[in-house]
Amino acid sequence: AAKGSGRDRIHLFSPGLRDAARWRLEVANALRDGAQDQLVVHYQPVVRMDTGAIDGVEALLRWQHPERGLLSPDAFLSVAEETGQLIPITRWLLGETTRQAAEWASRGLALRMSVNISARHFSAETLVRDVRVALHDSGLAPDQLILELTETSVAEDPTRAEDQLSVLRNSGVRVAIDDFGTGWSSLAQLMALPIGTLKIDRSLLTAAQRLASGGQGAVLAAIVALTRTLGIRSVAEGVETAEHLQMVRDAGCDLAQGYLLARPMPASEIWGWVGRVEA
Ligand code: C2E
Ligand code: CA
Ligand code: CA
Ligand code: CA
């Protein structure tokens with residue numbers, strides 16, 4: 001547990017409910033007036049369970065607000081989505097993250113780069129072009145880029161989703177289903193889609209823990225077994241404790257992500273983190 005300067009544990013601002021309406025207005029105005037320049041990306045390592053080595057990172061947005069400090073995405077993403085700003089922001093983010101991944105790769109650190117894509121962007125015509133432009137400009141190998149989609153954005157219109165996923169797959173990028181277990185889509189339905197990775201929501205770890213007295217994370221193990229049969233990689237999200245990590249190991253998850261392993265951090269700290277872990 002480093003006390004690292006840029007670590008984002010310190011003060012992620014979230015407005016109280018009482019001020020929610022005023023806050024939304026403030027965010028909408030700021031985004032319109034160019035607050036995009038204040039957006040920063042933090043990266044959270046995703047770790048292989050077999051070797052303990054880093055496999056990739058997930059890019060997570062923060063807003064370096066001049067008065068309020070570092071803002072969590074929960075404080076501004078829904079407003080950005082409503083005002084139509086999230087697509088241009090994500091376009092910028094795709095450029096930034098693919099450039100960063102290509103730069104790490106050129107220094108000998110090849111990491112898969114995961115980027116979150118909103119439901120609206122997923123159903124927009126522009127996504128495929130945005131991805132291709134980012135790959136072209138950065139020179140990053142397409143299979144190093146993973147687009148994270150939530151189950152709901154895929155489940156909304158399965159036929160359309162399948163088409164869009166095929167087009168994306170043809171550009172060589174990979175797709176992950178995010179937050180699995182928070183919606184009600186059937187695993188069988190999701191698995192019929194061309195996806196490479198299933199990210200299991202942290203709520204399942206907590207549920208598994210509750211069952212642990214008899215079930216020993218049986219639900220988690222069953223999901224992981226199914227992904228394995230289908231050749232899909234599984235990631236356990238929200239690994240916070242040694243017990244979680246043991247459960248994830250017992251279930252046979254391929255990869256894990258969580259505060260126990262590493263917090264999200266600025267790009268400049270990733271290099272040091274990898275060196276420390278692999279030393
Ligand atoms: P997510 O995609 O599920 O990302 C994982 C979230 O869990 C991150 O929160 C991360 O900091 C947090 N986390 C990681 N490990 C742990 C842990 O061990 N325990 C707990 N309690 N939390 C952990 P963050 O950065 O606040 O992001 C929240 C959500 O905002 C993300 O959830 C994602 O849905 C959304 N988001 C973030 N960046 C972007 C973006 O660039 N585009 C879009 N569309 N959504 C984004
Ligand atoms: Ca995600
Ligand atoms: Ca997630
Ligand atoms: Ca989430």
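Counting convention: from 1, in listed order, for ligands and their atoms alike.
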Original post:
So which bit of Q44 gets within less than 4.0 Å of ligand 1, heavy atoms only: side chain, backbone, both or neither?
Top reply: side chain

Subject >> For P264, the ligand 1 atoms whose distance to one of its heavy atoms is below 4.0 Å >> reply: 11 (O)

Original post:
Does T97 reach the main-chain N or O of L93 with its side chain, forming a donor-acceptor pair under 3.5 Å?
Top reply: yes

**OP:** Of the side chain and backbone of R263, name the one, both, or neither that has a heavy atom under 4.0 Å from an atom of ligand 1.
**Re:** neither

Original post:
Do any N or O atoms from the side chain of R174 and from the backbone of D143 form a donor-acceptor pair under 3.5 angstrom?
Top reply: yes

Subject >> Closest to atom 33 (C) of ligand 1 among L94, T182, N116 (heavy-atom distance) >> reply: N116

Original post:
In terms of atom number and element, which parts of ligand 1 are under 4.0 angstrom from non-hydrogen atoms of L77?
Top reply: 30 (O), 35 (C), 36 (N), 39 (C), 43 (C), 45 (N), 46 (C)

**OP:** Please confirm whether E58 comes under 4.0 Å of ligand 1, counting heavy atoms of the residue only.
**Re:** yes

Original post:
Just by distance, do the side chain of Q164 and the backbone of F122 share a donor-acceptor pair under 3.5 Å?
Top reply: yes

Original post:
Is ligand 1 under 4.0 Å from a heavy atom in the side chain of L93, in the backbone, in both, or in neither?
Top reply: side chain

**OP:** Measure the spacing between CG of L147 and CE of M113 and express it to the nearest 0.5 Å.
**Re:** 12.0 Å

**OP:** Using a strict 4.0 Å cut-off to heavy atoms of G258, name the atoms of ligand 1 that fall inside it.
**Re:** 15 (N), 18 (O)

Original post:
What N/O/S atom of E148 gets nearest to the Ca ion (ligand 2)?
Top reply: OE1

Original post:
Do E103 and Q100 get their side chains close enough for a donor-acceptor pair, meaning under 3.5 Å?
Top reply: yes

Original post:
At the 4.0 Å heavy-atom cut-off, does D178 count as touching ligand 1?
Top reply: yes

**OP:** Among the N/O/S atoms of E58, select the one at the shortest distance from the Ca ion (ligand 2) and name it.
**Re:** OE2

Original post:
What N/O/S atom of D178 is the closest to the Ca ion (ligand 2)?
Top reply: OD2

Original post:
For ligand 1, is H42 a contact, meaning one of its heavy atoms is under 4.0 Å away?
Top reply: no

Original post:
Should you measure from each heavy atom of L61, which atoms of ligand 1 turn up under 4.0 Å away?
Top reply: 38 (N), 41 (O)

**OP:** Decide whether a cation-pi geometry holds between R107 and W271; the criteria are a distance under 6.0 Å from NZ or CZ to the six-membered ring centre and an angle within 45° of the ring axis.
**Re:** yes

Original post:
Evaluating non-hydrogen atoms only, which member of D74, D179, L71 is closest to atom 29 (C) of ligand 1?
Top reply: D74

Original post:
Of all the atoms in N116, is at least one N, O or S atom closer to the Ca ion (ligand 2) than 3.0 Å?
Top reply: yes

Original post:
Where the side chain of Q38 meets the backbone of P66, is there a donor-acceptor pair that is under 3.5 Å apart?
Top reply: no

Subject >> Those residues that, when tested against D55, pass salt bridge (Lys or Arg N to Asp or Glu O under 4.0 Å) (two or more places apart) >> reply: R112, R233

Subject >> Sub-4.0 Å heavy-atom contact, R62 with ligand 1 >> reply: yes

**OP:** Could you tell me which atoms of ligand 1, counted from 1 in the order shown, lie closer than 4.0 angstrom to a heavy atom of E237?
**Re:** 3 (O)

Original post:
Are R202 and ligand 1 in contact, using a heavy-atom cut-off of under 4.0 Å?
Top reply: yes

Original post:
Centroid-to-centroid, Y43 to W273, below 6.0 Å?
Top reply: no

Original post:
Got a donor-acceptor contact below 3.5 angstrom from the E151 side chain to the G181 backbone?
Top reply: yes

**OP:** Would you check if the side chain of S78 reaches a backbone N or O of D74 as a donor-acceptor pair within less than 3.5 Å?
**Re:** no

Original post:
Between D254 and R228, is the closest basic N to carboxylate O distance under 4.0 Å?
Top reply: yes

**OP:** Give a yes/no answer: is there an N/O/S atom of E237 under 3.0 Å from the Ca ion (ligand 3)?
**Re:** yes

Subject >> N, O or S from D179 under 3.0 Å to the Ca ion (ligand 3) >> reply: yes

Original post:
Which part of V115 is near ligand 1, with near meaning a heavy atom under 4.0 Å away: side chain, backbone, both or neither?
Top reply: neither

Subject >> Atoms in ligand 1 with a heavy atom of V239 nearer than 4.0 Å >> reply: 18 (O)

**OP:** Determine, for R68 against E26, whether the closest basic-nitrogen to carboxylate-oxygen distance falls under 4.0 angstrom.
**Re:** yes

Subject >> Which atom of P45 lies closest to which atom of I54, heavy atoms considered >> reply: CB-CD1, 3.7 Å

Original post:
Looking at S118, which atoms of ligand 1 are within less than 4.0 Å of one of its heavy atoms?
Top reply: 44 (N)

